[in-house]
Amino acid sequence: MAQQVTEGVYFIQGQDEFIPDSHMYVIGKPDSKDLSIIDAGLMGKGDYKLGSIDTMGIEFTWIKRVIMTHTHLDHIGCLAEILEEIPWAELWVHELEARPLEAGDERIVYGMDMFKSMCMTQYNLKPGSFSFRVDRRLCGGEDLELGGIRWEVMHIPGHSPGSIALYDRQRKILIPGDVVYADYAIGRFDLHGASGAEHKESLFRLGEIEVDILLPGHNRIDTNLPPGYIADTAKQWAPYLV
Ligand SMILES: [Zn+2]
Ligand SMILES: [Zn+2]
């Protein structure tokens, strides 16, 4: 399923298998012909995601970059498939995950050893399948002008070391990756490079900004978030995040 959420923000729903497939978002006003993909998805989902982009009337030549909220397997799995069709697209990743990605260190991608061997067998993955050159390393704090819309980059570690959110302050839209979901759920904090304490701090930081439209990496999106939703979520989870 693919839909326009609001002007210049498109949602392509993940197609979960026994492993989840992350949602993909496409941001930017079509007239600008300067669009960005946010997150790719699971292995084998490239055709579905690109087909959905096509269905919405977006031309591949308008897509200039892929920005990763973080580099877990369910988000980066089909990045190579996407880049094969859109080879000119730049790859933007937070520096803390860009470094291992370029060095071929796949511990963050797989999250845990048991999961790694299971996935490598299931999807016939070779070591080095997730080694990418990163064109721009994000740090958090950037003020990006992307396709006619302003997005602030927030570094929100905890779920993974280089997790970022994109925030449209004017329209109160947040794309937080797997850090916070709808229905008072949050991302897991037990994988390689994760930290409950950092996750807590990130959630409280997100709780300070105004968000009406929440576009997370999984599960449902919420276009009419109650006021204080993320702060309430942070408070509920705080006792478990140490
Ligand atoms: Zn994740
Ligand atoms: Zn995910």
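First listed ligand is number 1; within each ligand, the first listed atom is number 1.
Taking the side-chain hydrogen bond (donor to acceptor under 3.5 Å, both in side chains) definition, one finds that R169 meets it with E152, sequence neighbours left out.
D113 has no carboxylate O lying under 4.0 Å from a charged side-chain N of K116, or vice versa, which leaves the two without a salt bridge. By the 4.0 Å N-to-carboxylate-O rule, R136 lies too far from E95 to be salt-bridged with it. Taking a cutoff of 4.0 Å between a charged side-chain nitrogen and a carboxylate oxygen, K45 and E17 qualify as a salt bridge. Salt-bridge check for D34 with K29: failed, with every basic side-chain N at 4.0 Å or more from each acidic carboxylate O.
Counting only protein N, O or S atoms closer than 2.8 Å to the Zn ion (ligand 2) gives 4.
Ring geometry for H199 against H159 counts as tilted: the plane angle lies between 30° and 60°, on a 0 to 90° scale.
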